[in-house]
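Residue numbers start from 1 in every chain, and the chains themselves are labelled A, B, ... in the order their sequence lines are given, proteins ahead of strands.
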There are 2 protein chains.
Amino acid sequence: MIKERQTKQKAVILSAVQGTKTHPTAEQVYEMIRDEMPNVSLGTVYRNLNRLAEIGTIRRISVINSPDKFDGDLTPHHHISCTQCGKFCDFFDAEYNESLDRFIEAKTSFRIAKHETVFYGVCPECKCNELN
Amino acid sequence: MIKERQTKQKAVILSAVQGTKTHPTAEQVYEMIRDEMPNVSLGTVYRNLNRLAEIGTIRRISVINSPDKFDGDLTPHHHISCTQCGKFCDFFDAEYNESLDRFIEAKTSFRIAKHETVFYGVCPECKCNELN
DNA sequence: AACATAAATAATAAAGTTTGTCAATAAGAA
DNA sequence: TTCTTATTGACAAACTTTATTATTTATGTT
């Protein structure tokens with residue numbers, strides 16, 4: 001019995017997400033792969049990103065004032081969003097607080113799979129542009 | 001010179017968000033106030049929620065697989081999302097980690113205003129429905 | 001109280017984001 | 001190679017949010 005087929009599209013989409021640190025949206029992944037795959041459809045990009053995120057091969061990140069972003073880097077890290085220009089960065093130097101998940105589980109009876117933390121602020125460049 | 005006018009709509013929208021713990025979306029706020037204000041328009045709801053969130057009178061929460069939610073409770077707390085049924089809960093028993101904001105500032109030169117943490121998992125009811 | 005100004009609204013169009021439909025294609029088993 | 005059906009491309013539709021504009025109305029001024 002067939003479970004899941006390996007397609008060129010699937011491989012290219014995954015490799016695009018894993019090969020960048022830009023946290024692309026679905027639309028941006030679509031643009032990224034059109035050189036290599038001009039006939040790919042946006043629906044295929046959405047479908048595969050959704051599946052990859054669901055099985056945990058990539059991360060989905062929900063950000064205020066932005067379509068969902070995708071991240072191929074599964075190592076625990078946080079994200080920082082500039083509320084002025086939308087710049088979106090990784091932050092690696094703070095460990096994932098696993099014990100917080102266990103604490104919430106104990107207190108709420110939810111089974112917690114993960115938490116996502118996004119920091120909101122103003123990036124150095126936008127700070128510079130604040131004249132006075 | 002006039003800066004900002006107090007309107008009935010603005011007051012009703014704010015009071016709807018502040019008077020519930022359900023973290024309504026814009027559409028849900030719209031439904032909530034239509035009894036009291038049948039002619040209000042959805043655009044007005046969006047406009048006022050955006051403004052209130054921008055000035056910090058209410059919180060905007062970005063959640064995977066949901067339109068943005070709004071929260072009138074400004075006391076520091078976390079949120080938990082059930083990935084099965086979408087149930088969305090508060091969690092108050094973990095203090096806001098202010099020092100993490102200062103740590104990120106020191107390491108990145110961003111000016112951090114806040115961070116939002118959302119926990120994803122399965123709620124007690126949905127756990128029950130997992131037969132076997 | 002009446003008037004003037006412009007901020008805010010209702011109505012609606014449009015833009016932006018995501019999912020669904022379905023005939024055609026193609027991955028993988030036999 | 002042939003068969004089965006998961007996946008795709010094309011496109012429609014749904015969903016979410018913002019923009020446009022004539023009208024209304026909150027508020028300062030007379």
**Asked** Through what angle, rounded to 10 degrees, does the axis of the helix from C/dA1-D/dT30 to C/dA30-D/dT1 turn between its ends, using five pairs per end?
**Response** 40°
**Item:** Contact check, side chains of A/H78 and B/H115, non-hydrogen atoms, under 4.5 Å
**Value:** no
**Prompt:** Which residue pairs pass the ring pair (Phe, Tyr, Trp, His ring centres under 6.0 Å) test with at least one member in residues 52-72 of chain A, sequence neighbours excluded?
**Reply:** none
Enumerate the protein-to-nucleotides 22-26 of chain C contacts in which both atoms are nitrogen or oxygen and the separation is below 3.5 Å.
none

**Request:** Considering only Ile, Leu, Val, Met, Phe, Trp and Tyr, and joining two whenever side-chain heavy atoms are under 4.5 Å apart, list the other residues clustered with B/I112.
**Result:** A/I80, A/F91, A/F119, B/L100, B/F103, B/I104, B/F110
**Request:** In whole angstrom, give the distance that lies between atom CZ of B/R34 and atom C1' of C/dA11.
**Result:** 13 Å
Under 3.5 Å between N/O atoms: give me all the protein pairs with nucleotides 11-18 of chain D, atom names plus distance.
residue: D/dT17; atom: OP1; partner: B/D68; partner atom: N; Å: 3.4
residue: D/dT17; atom: OP2; partner: B/Y46; partner atom: OH; Å: 2.6
residue: D/dT18; atom: OP2; partner: B/N50; partner atom: ND2; Å: 2.9

**Asked** Which residues pass the side-chain contact (heavy atoms from CB on, under 4.5 Å) test with B/T57, sequence neighbours left out?
**Response** B/L14, B/Q18, B/L52, B/I55
**Request:** Give the rounded distance in Å between these two atoms: NZ of B/K10 and C1' of D/dA26.
**Result:** 10 Å
**Request:** Return the value, rounded to whole Å, for the distance between atom CD of B/E4 and atom P of D/dT25.
**Result:** 19 Å
**Request:** Check the distance between D/dA10's C1' and A/N39's CG and give it to me in whole angstrom.
**Result:** 11 Å
**Message:** Suppose the criterion is salt bridge (charged side-chain N to carboxylate O under 4.0 Å, His left out): which pairs have a residue in residues 79-104 of chain B, not counting sequence neighbours?
**Reply:** B/K87-B/E125, B/E98-B/R102, B/R102-B/E105
**Asked** Can you check the A/I13 CD1 to D/dT7 P distance for me, whole Å?
**Response** 12 Å
**Complete:** Those residues at least two apart in sequence (or on a different chain) that pass side-chain contact (heavy atoms from CB on, under 4.5 Å) with B/S41 are B/T44
**Message:** What is the distance, to the nearest angstrom, from the CD atom on B/Q9 to the P atom on D/dT23?
**Reply:** 18 Å
**Pairs touching residues 5-30 of chain A that satisfy ring pair (Phe, Tyr, Trp, His ring centres under 6.0 Å), sequence neighbours left out** = A/H23-A/H79, A/H23-A/F88
**Message:** Distance check needed: C/dT18 P versus A/N48 CG, whole Å only.
**Reply:** 15 Å
**Request:** Report the residues that fulfil side-chain contact (heavy atoms from CB on, under 4.5 Å) with B/M37, sequence neighbours left out, ordered by chain and then residue number.
**Result:** B/K8, B/Q9, B/V12, B/V40
**Request:** Would you mind reading off the distance between A/Q6 atom CD and C/dG28 atom P, rounded to a whole angstrom?
**Result:** 6 Å
**Item:** B/T117 vs B/Y96 side-chain heavy atoms within contact, under 4.5 Å
**Value:** no
Quiz: residues 58-66 of chain A side-chain donor-acceptor pairs under 3.5 angstrom, not counting sequence neighbours:
residue: A/R59; atom: NE; partner: A/E116; partner atom: OE2; Å: 3.4
residue: A/R59; atom: NH1; partner: A/H77; partner atom: O; Å: 3.4
residue: A/R59; atom: NH1; partner: A/H77; partner atom: ND1; Å: 3.4
residue: A/R59; atom: NH2; partner: A/H77; partner atom: O; Å: 3.4
residue: A/R59; atom: NH2; partner: A/E116; partner atom: OE1; Å: 2.7
residue: A/R60; atom: NH1; partner: A/D68; partner atom: OD2; Å: 2.9
residue: A/R60; atom: NH2; partner: A/N50; partner atom: OD1; Å: 2.3
residue: A/S62; atom: OG; partner: B/S62; partner atom: OG; Å: 2.9
residue: A/S62; atom: OG; partner: B/V63; partner atom: N; Å: 3.4
residue: A/S62; atom: OG; partner: B/V63; partner atom: O; Å: 3.4

**Item:** Non-neighbouring partners of A/E54 that pass side-chain contact (heavy atoms from CB on, under 4.5 Å), sequence neighbours left out
**Value:** none
**Message:** If you compare every side-chain N and O of A/T44 against the phosphate oxygens of D/dG9 (OP1, OP2), does one of them come in below 4.0 Å?
**Reply:** yes
**Prompt:** Would you say B/T7 reaches C/dT9's phosphate, i.e. side-chain N/O to OP1/OP2 under 4.0 Å?
**Reply:** yes
